[in-house]
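Everything below concerns the one structure shown next.
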Amino acid sequence: MKMDYHVHLEEGPYSFRWLERTSQAIASFHSPDRLEKGTKEYITWQINALKNRLDQGCYSEEWLDFYLMRAKQLELKEVGIVDHLYRFHETKAYFEKNMILDASDLGKMQRYWLDSVMTENMNDFVDTILRAKEKWRSEGVELRLGIEADYFVGCDTELKELLSAYPWDYVIGSVHFVDGWGFDNPQTVDKFKGMDLKVLYEQFFTTVEKAIRSELFDFVAHLDNLKVFNFQVDDMDFMQTWYKRIADALVDTGTATEVNAGLYYRYPVKEMCPGPDFVKVLVEHGVEFTVSSDSHYPDDLGKFTVVNADMLKSLGVQKLVGFDKRVKKYHSL
């Protein structure tokens with residue numbers, strides 16, 4: 001069965017690049033054929049379409065309909081829409097406590113980023129997806145409500161409380177920070193240079209392992225996304241040791257993971273996440289998988305999910321996992 005379990009509705013910071021990318025997404029669904037690109041009339045249409053998009057916001061029915069249209073085009077049967085926990089005002093204290101937000105260059109940069117992306121209310125997101133479920137079902141697609149929650153060591157109780165009031169179908173755990181540094185932010189990439197990568201990966205994988213063993217999550221996302229800008233450890237024995245530890249933690253706790261295409265088509269590393277060697281170890285240990293595009297725009301929905309499902313099948317995986325009200329549902333490959 002075709003599915004995509006890690007789909008976002010929006011992501012800041014809000015810039016001219018964001019406007020351009022949003023305009024591209026809108027045009028992929030209803031660009032007026034009568035207007036030629038590069039003309040004044042076409043740019044007027046773009047401006048009006050973007051204004052409408054901004055006025056309505058990312059939780060509008062029209063924006064969500066684009067995702068439904070793409071899901072139907074690709075014949076997806078289940079789509080899980082999530083948002084990052086850092087998108088919501090309700091989580092401000094959680095992130096301010098765990099991120100570097102001081103007067104240093106890194107702190108100032110991350111403060112700008114957090115203030116730029118933390119623009120929404122969680123209730124609005126939850127209500128939008130819950131309202132849309134019946135419409136999607138009538139169109140032949142099961143819509144699932146998820147959340148992608150950043151894990152910080154020592155904050156298990158706080159995170160559990162933040163998530164407890166909402167009827168999630170599943171909760172994704174993820175690690176985007178090491179010692180308060182958001183390592184996947186292109187503005188902070190220089191911090192990688194000169195670092196001891198083994199020490200850095202040890203910190204990262206230790207956090208991933210603790211996230212898994214917290215048992216807060218239904219699946220843990222992009223297990224090796226520290227490689228995002230292609231800073232990687234050239235020591236396969238070291239990496240294999242961690243691959244096996246992560247696999248053991250997933251099996252011990254009954255936690256699933258994903259093959260995530262986001263790094264492949266959106267970031268310099270150009271590799272699926274986890275990478276092929278990591279995936280083989282996970283499969284050998286009997287880890288359960290779902291597949292995801294990690295799309296942040298409707299025209300990226302479903303990207304490479306079929307490719308990755310076929311790859312898992314070729315390695316002997318017989319089923320993918322989905323979720324409904326935090327209960328696993330299995331689907332044959």
Side-chain angles (χ1 to χ4, degrees), residues 1-8 11 70 74 76 78-80 82 84 146 148 170 172-176 183-184 186 189 192 197 201 204-205 207-209 211-212 217-236 238-240 242-247 249-251 255-297 299-322 331 333:
M1 188 179 77
K2 295 180 181 179
M3 60 174 64
D4 188 346
Y5 254 85
H6 189 155
V7 176
H8 296 272
E11 184 77 13
R70 180 65 79 203
L74 298 174
L76 299 179
E78 287 192 16
V79 173
V82 303
H84 286 289
E148 183 178 358
Y170 62 102
I172 303 176
S174 59
V175 177
H176 295 96
F183 58 78
D184 60 349
V189 67
F192 277 100
L197 290 182
Y201 270 80
F204 171 76
F205 281 132
T207 305
V208 171
E209 184 179 25
I212 295 164
F217 309 113
D218 299 291
F219 74 87
V220 175
H222 38 57
L223 295 174
D224 59 349
N225 66 322
L226 186 61
K227 67 187 180 185
V228 55
F229 297 112
N230 214 19
F231 290 89
Q232 303 197 57
V233 172
D234 187 21
D235 182 339
M236 187 49 65
F238 171 86
M239 297 301 288
Q240 286 281 332
W242 272 109
Y243 295 166
K244 291 172 184 176
R245 280 184 61 166
I246 297 300
L250 291 166
V251 172
T255 306
T257 190
E258 61 175 3
V259 180
N260 182 308
L263 295 192
Y264 179 72
Y265 69 90
R266 290 196 288 116
Y267 286 95
V269 69
K270 303 300 180 192
E271 186 175 271
M272 299 299 175
C273 195
D277 292 328
F278 200 168
V279 168
K280 288 176 183 176
V281 172
L282 297 171
V283 171
E284 288 167 1
H285 280 68
V287 171
E288 296 174 331
F289 289 89
T290 190
V291 289
S292 66
S293 64
D294 205 348
S295 63
H296 289 70
Y297 295 92
D299 49 329
D300 281 339
L301 176 67
K303 273 195 171 178
F304 301 102
T305 53
V306 172
V307 169
N308 285 325
D310 287 344
M311 177 271 295
L312 289 171
K313 187 176 182 179
S314 74
L315 294 174
V317 176
Q318 298 180 353
K319 56 192 177 183
L320 296 177
V321 64
H331 306 285
L333 277 170

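The figures here come from the full heavy-atom set of this structure, side chains too, leaving out hydrogens, waters and symmetry mates. Heads up: numbering here begins at 1 and tracks the sequence.
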Practice prompt. State, to 0.1 Å, how close Phe238 and Val233 come at their nearest heavy-atom pair, and which atoms those are.
Written response: CD2-CG1, 3.9 Å
Discussion item. Nearest 0.5 angstrom please: His6 NE2 to Glu258 CD, how far?
Written reply: 5.5 Å
Discussion item. Assess whether a salt bridge exists between Arg266 and Asp294, defined as any Lys/Arg side-chain N lying under 4.0 Å from an Asp/Glu carboxylate O.
Written reply: yes
Discussion item. I'd like to know whether Leu320 forms a side chain to side chain contact (heavy atoms under 4.5 Å, CB included) with Leu312, so could you lay out the CA-CA distance, the side-chain angles of the two residues, the decisive distance to 0.1 Å, and finally the verdict.
Written reply: CA-CA 9 Å; Leu320 296 177; Leu312 289 171; 3.9 Å; yes
Worksheet item: So which heavy atom on Val251 is nearest to which on His285, and how close?
Response: CG2-O, 3.3 Å
Worksheet item: Is there a side-chain contact between Thr305 and Met3 (heavy atoms, below 4.5 Å)?
Response: no
Practice prompt. Taking the side chain as every heavy atom from C-beta outward, state whether Glu284 and Leu315 have any atom pair closer than 4.5 Å.
Written response: no
Fill in: Interatomic distance, Phe231 atom CZ to Phe192 atom CZ [nearest 0.5 angstrom]
6.5 Å
Worksheet item: Atom OG1 in Thr255, atom CD in Glu288: separation rounded to 0.5 Å?
Response: 9.5 Å
Response to the item:
Between Gly302 and Leu76, the two heavy atoms sitting closest are CA-CD1, 4.3 Å
Worksheet entry | Value rounded to 0.5 Å, distance of CG in Asp184 from NE2 in His222 | 7.5 Å
Fill in: Distance-only polar pair, side chains of Ser293 and Asp300, donor-acceptor under 3.5 Å
no
Discussion item. Before you tell me yes or no, could you show the steps for Val82 and His8 under side chain to side chain contact (heavy atoms under 4.5 Å, CB included), namely the whole-Å CA-CA distance, both residues' side-chain angles and the distance that decides it to 0.1 Å?
Written reply: CA-CA 5 Å; Val82 303; His8 296 272; 3.5 Å; yes
Practice prompt. Could you check if a side-chain atom of Phe219 sits within less than 4.5 angstrom of a side-chain atom of Val321, using non-hydrogen atoms only?
Written response: no
Worksheet, complete the sentence: All heavy atoms of His331 vs all of Gly322, minimum pair found to be CD2-N, 4.1 Å
Worksheet item: Do Asp234 and Gln232 come within less than 4.5 Å of each other through their side chains, counting heavy atoms only?
Response: no
Discussion item. Measuring from atom OG1 of Thr257 to atom CG of Leu223, what distance do you get when rounded to the nearest 0.5 angstrom?
Written reply: 3.5 Å
Worksheet item: So, for Tyr5 and Tyr170, is the gap between ring centers shorter than 6.0 Å?
Response: yes
Worksheet item: Do Asn260 and Asn225 come close enough that some side-chain heavy atom pair is under 4.5 Å?
Response: no
Discussion item. Do Phe304 and Met272 have side chains that approach each other closer than 4.5 Å (heavy atoms only, starting at C-beta)?
Written reply: yes
Worksheet entry | Minimum-distance pair of heavy atoms, taken over all atoms of Val291 and Ala309 | CG1-N, 4.0 Å
Discussion item. As a quick check of understanding, evaluate side chain to side chain contact (heavy atoms under 4.5 Å, CB included) for Tyr267 and Lys227, giving each step before the final call.
Written reply: CA-CA 10 Å; Tyr267 286 95; Lys227 67 187 180 185; over 6 Å; no
Worksheet item: Do Phe289 and Asn308 have side chains that get closer than 4.5 Å, going by heavy atoms?
Response: no
Item to complete: Begin with the C-alpha distance, continue with both residues' side-chain angles, and end with the deciding distance and a verdict on side chain to side chain contact (heavy atoms under 4.5 Å, CB included) for Met239 and Tyr201.
Response: CA-CA 9 Å; Met239 297 301 288; Tyr201 270 80; 4.0 Å; yes
Practice prompt. Answer yes or no: is there a side-chain heavy-atom contact under 4.5 Å between Pro186 and Phe229?
Written response: yes
Worksheet entry | Aromatic contact, Phe204 with Phe183 (centres under 6.0 Å) | yes
Worksheet, complete the sentence: On a heavy-atom basis, the closest approach of Leu74 and Leu301 is CD1-O, 3.1 Å
Practice prompt. Hey, can you tell me if Phe278 and Tyr243 have their rings parallel, tilted or perpendicular (30° and 60° cut-offs)?
Written response: parallel
Worksheet item: How long is the span from the CD atom in Gln318 to the NZ atom in Lys313, to the nearest 0.5 Å?
Response: 10.0 Å
